[in-house]
Student: 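Sharing a structure below in structure tokens format, with a few things to ask.
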Amino acid sequence: MPRPTYNTWLKGSVGQSLDANRLVVAVPSAFVAAQLNSRMHGMACSAVHAVVGEETDVAFVVVAPGTAPSHAPHAEAHAPSARPASPQLNPRYTFEAFVEGSSNRLAFAAAQAVADAPGANYNPLVIHGAVGLGKTHLLHAVGHRLLSRGQAFRYVTSERLVNDYTAAVREGRRRIDEFNQSYRSLDALLVDDIQFLAGKQGTQETFFHIFNALHDNAKQVVVTSDQPPGALRLLDDRLRSRLEWGLVTDVSMPDPETRTAILQRIAERARVTVPPEVISALAHRGVICIRQLEGFLGRLIAAAEWAGVPLTLDSIGKELAAYAPMPEPLNAAEIITRAARAFGLPTEALTGKRRDRKAAQARQVAACLLAERLSLNPGEIGAILGKRDRATIAYSIRQGKQALTDDPGLQRIASEIPQD
Ligand code: ADP
Ligand code: MG
């Protein structure tokens, strides 16, 4: 990762304990812990996986400065016991934490309506909009509400759906039946980022049948997408038209008033006093999405905490002036996922042992992007991409560069990855 990102988020962290499948890392503030858990969890897990050679969960926990022994025998005691009620759902993404504004009013109301009476109102409910505007948040909020009502629901990203389906197909007829059955018996199915079903014929076909079965039985389907269903050209026509049966609504960039309210909410959550003029200054900046706004406020808060100075318009003057819409602090995991997806492979194909041509090519593209976008060196990239040695990676980076130069399809995928 870029050095400033490291300095902001990870520099003060201390490893606390590592047991069979969990690494506990102490960080100095609740805000940093929350940010790391939500933004860098995936990358941390794959990095640790690469080093220890086993699937390992990483938990960032808060420990007051000076009280963090680096090898606490009972470090587990510090770990938050607040495991989310459903591991698929981000505990923070609730309706209560969602700020309503004209940009999301209909989507917010519709999401609540389907959560309160699944299958009864809008079926399916499709929420579309650009990245970072609250689609996943709303979908998880529906899940939390369904969970509290004891409804049988499942939240899946469409990538997960593809991977699960592909795995079932590999295991044969019985597993496919089980797969179908497990979906058809739900009260509600929540599918995030349906656009990634593009080109996955098998999964689309299966999803189409699951959709019909659920819909026929008045079971709820909620879908998010980065485009309105009609624009999802790569989706099967029948599926596209079904998605338009219910309510199609969008989320867009909130106005400055809503952004102010969202920032206030974030500051409250972080238990940090952020003066109104700072919030207002941020809310009136040009931003691309809320996630970015959150990220910027987060960095300001963390920087102020580290410097031990209060957050004021003065103290952030320089950053504010230099502020330009910025990329996510986390990108390595995202880059690997996108490179894998471009080749129709699961992420593990790149980080694991696979040696076939397709996996190797995808890995080369990922290596090249990791080098170019995140300025990682071959040693670092090797650690992330399945403990491969420097020389292999140096070669991969060159091959990847060539592939990206030669193949317009790959160029497009690369151009969709935010610039640093
Ligand atoms: P998307 O799925 O549309 O890309 P997310 O749901 O992941 O976006 O939202 C990005 C971030 O912005 C999340 O942390 C989410 O909690 C926050 N966010 C987006 N919209 C709102 C809102 N209206 N109120 C509060 N937080 C929001
Ligand atoms: Mg999302």
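In listed order, ligands and their atoms are each counted from 1.
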Student: Is any N, O or S atom of Thr224 under 2.8 Å away from the Mg ion (ligand 2)?
Tutor: no

Student: Which option wins on minimum heavy-atom distance to atom 27 (C) of ligand 1: Arg269, Met253, His137, Arg259?
Tutor: His137

Student: For the atom pair CZ (Arg271) and CD1 (Ile301), what is the distance rounded to the nearest 0.5 Å?
Tutor: 12.5 Å

Student: Could you tell me whether Arg242 sits above the aromatic face of Phe208, with NZ or CZ closer than 6.0 angstrom to the six-membered ring centre and within 45 degrees of the axis?
Tutor: no

Student: Give the contacting part of Arg265 toward ligand 1: side chain, backbone, both or neither, where contact means a heavy-atom distance below 4.0 Å.
Tutor: neither

Student: List the closest protein heavy-atom neighbour of atom 1 (P) of ligand 1: residue, atom name, distance to the nearest 0.1 Å.
Tutor: Gly132 N, 3.4 Å

Student: Any nitrogen or oxygen of Phe98 lying under 3.5 Å from a nitrogen or oxygen in ligand 1? Just yes or no.
Tutor: no

Student: Which of these, Glu294, Arg291, His140, Glu100, has its nearest heavy atom closest to atom 14 (O) of ligand 1?
Tutor: Glu294

Student: Could you find the nearest protein heavy atom to atom 12 (O) of ligand 1 and give me its residue, atom name and distance?
Tutor: Ile290 CG2, 3.5 Å

Student: Just jot down the ligand 1 atoms closer than 4.0 angstrom to any heavy atom of Thr136, in number order.
Tutor: 1 (P), 2 (O), 6 (O), 7 (O)

Student: Any N/O of Val131 closer than 3.5 Å to an N/O of ligand 1?
Tutor: no

Student: Which of these passes side chain to side chain contact (heavy atoms under 4.5 Å, CB included) with Leu106: Thr249, Val251, Asp250?
Tutor: Thr249

Student: Checking a contact table here: which protein heavy atom is nearest atom 24 (N) of ligand 1, and how many Å away?
Tutor: Val99 N, 2.8 Å

Student: Among all protein heavy atoms, pick the one closest to atom 13 (C) of ligand 1 and tell me residue, atom and distance.
Tutor: Tyr93 OH, 3.5 Å

Student: What protein heavy atom sits nearest atom 8 (O) of ligand 1, and how far away is it?
Tutor: Gly134 N, 3.0 Å

Student: In ligand 1, which numbered atoms sit nearer than 4.0 Å to a non-hydrogen atom of Asn104?
Tutor: 23 (N)

Student: Could you tell me which atoms of ligand 1, counted from 1 in the order shown, lie closer than 4.0 angstrom to a heavy atom of Arg92?
Tutor: 14 (O), 16 (O)

Student: Tell me, which protein residue and heavy-atom name are nearest atom 25 (C) of ligand 1, and how many Å apart are they?
Tutor: Ala97 O, 3.4 Å

Student: So, taking the atom named CG in Leu300 and the one named CD in Glu305, what distance separates them when rounded to the nearest 0.5 Å?
Tutor: 11.5 Å

Student: Does Gly129 reach ligand 1, in the sense of a heavy atom lying below 4.0 Å from it?
Tutor: no

Student: Ignoring hydrogens and angles, state whether a donor on the side chain of Asn163 or Thr166 is under 3.5 Å from an acceptor on the partner side chain.
Tutor: no

